[in-house]
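Below is one structure, written out as structure tokens; comments come after it.
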Amino acid sequence: MLVDTHAHLFNEYYDDIQGILDKAKSKGIDKVIVAADNIKTCYEVIEHAKDYDNYYFCLGIHPENVDDSIDELKQIIEDNKDNPKFVGIGEIGLDYYWTKDNKEKQKELFEEQLKIAEQYNKPVVVHSREATKDTIDILDKYKLTVDIHCFSGSKETAEIYTKKGYYLGIGGVITFKNANLKDVIKDVPLENLLLETDSPFLTPEPYRGESNDSSHVYEVAKFLANLKGVSIEEVEQKTSQNATKIFSI
Ligand code: NI
């Protein structure tokens, strides 16, 4: 069994979500965790989870949507606190690549959501782009289970995160021909890794250029197995164990 721990299976990107889940299942991906990124997609994933088996969700506001209402998010989370498919707070974090004029506002939103995660005892799925230092400093203030989604940092950063017990989300980027990420992840134990796609973005080789979907977690698992010189079964077993534990799925 494989798990796609991070996908955006939204109506905006896919006409046939059941078809995507079936295709994933045919490649051995049994469970998909869909991360909302704003208030609108929070409502959407809650509805989808009623319709689809093996579809779990995280609720949160992505830093690019910093103007969405935190109060509304709090209400949505309170209303869904007992929903067994609600498994984490995400996608949340800091993004200084797209928007650096509102750093303070981003940090404030990030912290508000980390407090929610503490309150409801949920893991956090963190997006961090060109904001490593602030991400580390802010996360240090909280005692949380952390998934650094789409990790793409240096060896040093990987060490800092794994020493704290954080998990690194690995997706299609590792398969890209010029990716330094390969050298970094080669030395990170499987005990610290999660597999993801970030669908519909970041499609792995050899499908690069097409829209991504959760079935491609298989390509990431295969790539990691080759990179580390272990069997695909070992990658599958260890990363799925991590996902099952962290997200209680
Ligand atoms: Ni994402």
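One-based numbering, in listed order, for ligands and for the atoms of each.
- Considering only heavy atoms from C-beta on, Glu219 comes within 4.5 Å of Pro206 through its side chain.
- Without hydrogens or angle criteria, His8 side chain to Ala35 main chain gives a donor-acceptor distance under 3.5 Å.
- Annotation: ring pair (Phe, Tyr, Trp, His ring centres under 6.0 Å) contacts of Tyr55 (sequence neighbours excluded): His48, Tyr52.
- Remark: Asp137 CG is packed, more than 12 non-hydrogen atoms of other residues, nucleotides or ligands lying under 6.0 Å away.
- By the 4.0 Å N-to-carboxylate-O rule, Lys115 lies too far from Glu112 to be salt-bridged with it.
- Listed by chain and number, the protein N, O or S atoms at a distance under 2.8 Å from the Ni ion (ligand 1) are His6 NE2, His8 NE2, Glu91 OE1, Asp198 OD1.
- Residues Leu73 and Ile116 have side chains in contact (heavy-atom distance under 4.5 Å, counting atoms from C-beta outward).
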